[in-house]
Amino acid sequence: MDRSANGRVVDAQLHLLDRQMLDTEGEPVMVVDDLELDGVKPDHDRALAGRPVLTRLLSGPTLWTRIFGGRPPRSRLDGIDWREVTDVGVVISVTGRAEDYDLTWRERWLRNRVITRIPGGRHAPE
């Protein structure tokens, strides 16, 4: 691995995919399902290609594609820019708050429309 280039060398499968992303307050934002890269051209000779650059971490409804195979359409994936990532460790930390990202709308919708209608769903267990 050449570490002389600018930036950090990260093993995407080991350090990024399926990692929980937390906001500045420790609240969950999303789980990383896919990556968006720049500098990768389809049907291009890998020996001539430059290094790919990570631009966004993507998340979305991938459960059915994991069960049945395939990939979700790109239009169904939401993401956070790589420049908003502050730390990559056991979890991935980002600069903003979970409510500021449009990624948590599914969880908020589920909480407000379904969970709160279940008896005891409006408060944390004691």
Side-chain angles (χ1 to χ4, degrees):
M1 233 184 279
D2 178 20
R3 297 185 184 272
S4 62
N6 292 339
R8 178 177 174 185
V9 177
V10 175
D11 183 328
Q13 187 171 8
L14 180 64
H15 296 114
L16 299 176
L17 294 175
D18 293 326
R19 293 287 176 132
Q20 180 70 50
M21 188 173 290
L22 302 178
D23 69 0
T24 56
E25 298 173 356
E27 292 295 317
V29 176
M30 68 178 204
V31 173
V32 179
D33 294 318
D34 205 353
L35 307 172
E36 183 175 279
L37 302 172
D38 264 354
V40 178
K41 296 183 173 84
D43 300 326
H44 194 267
D45 183 11
R46 289 185 185 204
L48 300 176
R51 291 185 183 175
V53 176
L54 179 61
T55 56
R56 291 173 62 81
L57 302 175
L58 303 173
S59 182
T62 59
L63 176 63
W64 295 112
T65 58
R66 289 185 181 192
I67 293 171
F68 298 113
R71 296 180 54 96
R74 174 63 178 94
S75 61
R76 302 277 316 267
L77 297 174
D78 296 317
I80 293 180
D81 289 336
W82 176 248
R83 65 179 172 262
E84 295 185 42
V85 173
T86 58
D87 185 44
V88 175
V90 175
V91 296
I92 299 171
S93 301
V94 295
T95 58
R97 293 181 47 224
E99 293 84 27
D100 298 337
Y101 298 111
D102 197 32
L103 301 165
T104 58
W105 73 267
R106 291 177 191 91
E107 287 81 7
R108 288 193 309 265
W109 184 89
L110 189 63
R111 179 189 63 211
N112 296 337
R113 308 280 184 195
V114 178
I115 302 299
T116 57
R117 295 174 188 242
I118 298 172
R122 292 185 187 268
H123 58 83
E126 296 174 8

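A single hydrophobic cluster is seen to contain both Leu17 and Val94, as judged by linkage of ILVMFWY side chains at heavy-atom distances under 4.5 Å, directly or through other members.
In this structure, Glu27 has no side chain to side chain donor-acceptor pair (under 3.5 Å) partners at least two apart in sequence or on a different chain. By the salt bridge (Lys or Arg N to Asp or Glu O under 4.0 Å) test, Asp33 pairs with Arg66, sequence neighbours left out. Remark: Asp11 pairs with no residue by the salt bridge (Lys or Arg N to Asp or Glu O under 4.0 Å) rule, at least two apart or across chains. Considering only residues two or more places apart in sequence or on other chains, Thr95 meets the side chain to side chain donor-acceptor pair (under 3.5 Å) condition with none of them. Applying the salt bridge (Lys or Arg N to Asp or Glu O under 4.0 Å) test to Asp81 and every residue at least two apart in sequence or in another chain returns Arg56, Arg83. Applying the side chain to side chain donor-acceptor pair (under 3.5 Å) rule to Asp34 yields the partners Arg71; only residues at least two apart in sequence or on another chain are considered.
One distance of note links CG of Leu35 with CG of Leu54; it measures 5.5 Å at 0.5 Å rounding. Note that CD1 of Ile92 is 9.5 Å distant from CG of Leu22, once rounded to the nearest 0.5 Å. Rounded to the nearest 0.5 Å, atoms CG (Leu57) and CD (Glu84) are 9.5 Å apart. Here the straight-line distance linking atom CD of Glu36 with atom CG of Leu77 works out to 9.5 Å at 0.5 Å rounding. Here the OH-CE distance, from Tyr101 to Met21, works out to 8.0 Å after rounding to the nearest 0.5 Å.
Between the side chain of Ser93 and the main chain of Thr86, no donor-acceptor pair closer than 3.5 Å is present. A donor-acceptor contact shorter than 3.5 Å is absent between the side chain of Arg97 and the backbone of Thr24.
Atom CD of Gln13 has 12 or fewer heavy atoms from other residues, nucleotides or ligands within 6.0 Å.
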